[in-house]
Amino acid sequence: DSLRKVANNLLEQLKKGEANFEKKAGEINTDGTKSTGGDLGWFDEKTMVPQFTKAVFGATEKGIVNNVVETDY
């Protein structure tokens with residue numbers, strides 16, 4: 001649950017403009033996107049897990065996803 005707390009704190013910092021997404025992704029990501037500043041590249045609705053797909057493709061505005069999305073990853 002501490003990971004959720006870290007994610008929620010970071011999301012709040014991003015929403016307030018207190019943090020830079022690319023910089024933070026380069027600092028804390030543990031996957032292959034660390035070196036690309038969190039950039040996932042192009043993907044379609046069938047590429048990602050359902051929870052993530054719903055959050056991304058269900059967004060009604062461009063920008064930050066409004067809530068932390070929990071997946072197995």
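In this text the structure is predicted, and so the values were computed from the model without any measurement.
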- Over all heavy atoms of both residues, which pair between G38 and N29 is shortest? Give the atoms and the distance, please.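 In terms of heavy atoms, the two residues are closest at CA-ND2, 3.7 Å.
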- Nearest atoms (heavy-atom pairs only) where N8 meets V68: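 Nearest heavy atoms, N8 then V68: OD1-CG2, 3.0 Å.
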- Note on the structure: residues 61-73 vs salt bridge (Lys or Arg N to Asp or Glu O under 4.0 Å), sequence neighbours excluded, gives R4-E70
- Item | Listed once per pair and sorted, the salt bridge (Lys or Arg N to Asp or Glu O under 4.0 Å) pairs that draw on residues 32-60, sequence neighbours left out |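 Sorted result for residues 32-60: empty, none.
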- Item | Shared-cluster residues of M48, by chain and number - hydrophobic side chains joined below 4.5 Å | L40, F43, V49, F52, V56, F57, Y73
- Message: What I'd like to find out is whether the side chain of T33 reaches to under 4.5 Å of the side chain of T36, using heavy atoms alone.
- Response: yes
- Message: Membership question, hydrophobic clusters at under 4.5 Å side-chain separation (ILVMFWY): are V6 and L11 in the same one?
- Response: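 No, because L11 and V6 fall into different hydrophobic clusters, even though each may have its own neighbours under 4.5 Å.
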- More than 12 heavy atoms of other residues, nucleotides or ligands under 6.0 Å from NZ of K23: is that the case?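 Atom NZ in K23 is not crowded, with 12 or fewer foreign heavy atoms closer than 6.0 Å.
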- Is there a donor-acceptor pair closer than 3.5 Å between any side-chain N or O of K24 and the backbone N or O of G37? no
- Item | Gap between atom CG of L10 and atom CD of E18 - 0.5 Å precision | 11.0 Å
